[in-house]
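One structure is given here, and the rest of the page talks about it.
Values below: all heavy atoms of this structure, side chains included; hydrogens, waters and symmetry mates excluded. In the text below, chain A, chain B and the rest are named by the order of the sequence lines, each starting its count at 1.
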There are 2 protein chains.
Amino acid sequence: MRTRQSGRTGRPRGFDTEEALERAMLVFWEHGYEGASLADLTSAMGISATSMYAAFGNKEELFRKALERYSDGPGSYLVRALEEPTALGVATAILNGTVRTTTRPAHPHGCMGVQGALTTGDSGREVRDLLAAWRNNGCSRVRERFQRAVDDGDLPSQADPGLLARYVTTLSFGIAVQAASGVGRDELQEVADAALRDWPLH
Amino acid sequence: MRTRQSGRTGRPRGFDTEEALERAMLVFWEHGYEGASLADLTSAMGISATSMYAAFGNKEELFRKALERYSDGPGSYLVRALEEPTALGVATAILNGTVRTTTRPAHPHGCMGVQGALTTGDSGREVRDLLAAWRNNGCSRVRERFQRAVDDGDLPSQADPGLLARYVTTLSFGIAVQAASGVGRDELQEVADAALRDWPLH
DNA sequence: CCTTTTCTGTATCGATCGCTACAGAATCAG
DNA sequence: CTGATTCTGTAGCGATCGATACAGAAAAGG
């Protein structure tokens, strides 16, 4: 038995997996994990159910990969925000990025990590827990960044990085809910601006 | 044909509709509209599907009545908050009430109005829109209350009631998402306290 | 060419979805 | 008592759920 890296035999795949995953992500983003049926997904992906299962495993695995794609695409403002030089810059980039991403006209409104599966039936429990961990992980990374700001003297020593991170992410999740409710971009940007104006990150 | 008010004939109902509705509300609160199956609901209500349909109409009507019961019960902190004498008191009562209600140990975590149907498939679109309207209605009532505070001189004349209301409700929704993610009461109360400390409602 | 391998759609699986037809049970009017 | 009315659970409706068995199609290796 030889393990060969390339030159796979057999019929080549007739669709682009990355483009199919992008379309699946958009369906999950708009309808949530349980609200997106296999028929919805495969129709948007332009393939049959058989091809989807062969390429992605099952619905839950497809969602996991779609969430990764969301994190690296529409949700990538978070990693960029963490690279801002100051804590205030980080918070500003997170809130501005949230407003922009959750109210983009050509995309579903809201945040996939929030509305993907906030509650589920029994069959969706693992995805629900996955998204809760995704949100808490985001908060943890913000906290670690703020801790570094305290260590560097960017934030005063009595600042509480955990509290600040929880506050910023709470606002971000709230903005996502408002966006899902149809609230417009301008109004949410004003909320973000006001929250940053009156917060001791200055 | 005479219309008589009382003394209805026929077999009397064998269960308490209010208690059954309370139990249905808890199931919807925990699992969401689409995540709560008829079997889940009727099992928790202690009745058969036939009895549920006779008493409440269908699943969507049951949800509407459960949401009303939520508003009058666990969510009633909002109406009480609006009666606080000052705008700061209103905001404080809303955020404290949100923290308490979304992290009560004996109840599902989070807010039914947020996680009941943030996204749905096609069959749940009306319920999703109903909840979006429910959230926006809550924001509007806070805005009207803050407008009154401006008119009364409780808030400075340059204050923006719409912005303040959107900010408070955004925080409230964000707290609800955090609670649904398993974040504890004490940590969320600190967020609420910090947000109220550094906000120009003083 | 032929064999092997992998991808393709069709057609369908058992399970569950929301919902209801039906008949028996329990009450009131007379 | 009888008849009318309403509630009750059982049993099952058609539709849809996620997931698959199957056979044909399209490539590479020999």
Side-chain angles (χ1 to χ4, degrees), chain A residues 1-21 24 27-28 31-66 117 120-128, chain B residues 1-21 24 27-28 31-66 117 120-128:
Chain A
M1 160 182 183
R2 357 172 219 178
T3 56
R4 52 174 61 189
Q5 307 276 48
S6 61
R8 312 190 328 168
T9 180
R11 178 176 176 174
R13 183 166 284 141
F15 63 95
D16 185 327
T17 57
E18 291 304 313
E19 182 174 337
L21 186 56
V27 174
F28 280 131
H31 296 292
Y33 175 68
E34 286 183 329
S37 70
L38 257 289
D40 292 334
L41 291 162
T42 55
S43 172
M45 298 165 86
I47 60 178
S48 68
T50 309
S51 296
M52 190 285 284
Y53 277 90
F56 300 100
N58 57 24
K59 188 186 180 186
E60 183 175 328
E61 283 300 313
L62 178 63
F63 184 87
R64 297 182 113 92
K65 285 157 184 158
T120 65
D122 290 349
S123 65
R125 183 166 298 152
E126 292 192 11
V127 170
R128 186 199 59 183
Chain B
M1 162 182 181
R2 4 174 215 177
T3 56
R4 52 173 60 190
Q5 307 277 46
S6 60
R8 310 192 327 168
T9 179
R11 178 176 175 173
R13 183 166 283 140
F15 63 96
D16 185 326
T17 58
E18 291 303 313
E19 182 173 336
L21 186 57
V27 175
F28 279 131
H31 296 292
Y33 175 68
E34 286 184 329
S37 70
L38 257 290
D40 292 334
L41 291 162
T42 54
S43 171
M45 298 165 87
I47 60 177
S48 69
T50 309
S51 297
M52 190 284 285
Y53 277 88
F56 299 101
N58 58 23
K59 188 185 179 185
E60 184 175 328
E61 282 301 313
L62 178 64
F63 184 86
R64 298 183 114 91
K65 285 158 183 158
T120 65
D122 290 347
S123 66
R125 183 167 298 153
E126 292 193 11
V127 169
R128 187 199 58 184

Rounded to whole Å, how long is the line connecting atom [atom1] of [X] with atom [atom2] of [N]?
X	N	atom1	atom2	result
B/Lys59	D/dA15	NZ	P	19 Å
B/Leu38	C/dC17	CG	C1'	8 Å
A/Tyr53	C/dT12	OH	P	19 Å
A/Phe15	C/dT8	CZ	C1'	10 Å
B/Ile47	C/dC19	CD1	P	14 Å
A/Glu60	D/dC17	CD	P	18 Å
B/Arg13	C/dC28	CZ	C1'	17 Å
B/Met52	C/dC17	CE	P	13 Å

Query raised in the report: More 5' along DNA chain C: B/Gly10 or B/Ala39, using each one's nearest nucleotide?
Result: B/Ala39
Query raised in the report: What about B/Thr50, does its side chain sit under 3.5 Å from the base of C/dA23 through a donor-acceptor pair?
Result: no
Query raised in the report: Just checking B/Ser37: base, sugar-phosphate only, or nothing, at a heavy-atom cut-off of under 4.0 Å?
Result: sugar-phosphate
Query raised in the report: Which nucleotide in the set D/dG9, C/dC19, C/dT27 lies at the smallest distance from any side-chain heavy atom of B/Pro12?
Result: C/dT27
Query raised in the report: What orientation do B/Phe63 and B/Tyr33 show, parallel under 30°, tilted 30 to 60°, or perpendicular over 60°?
Result: perpendicular
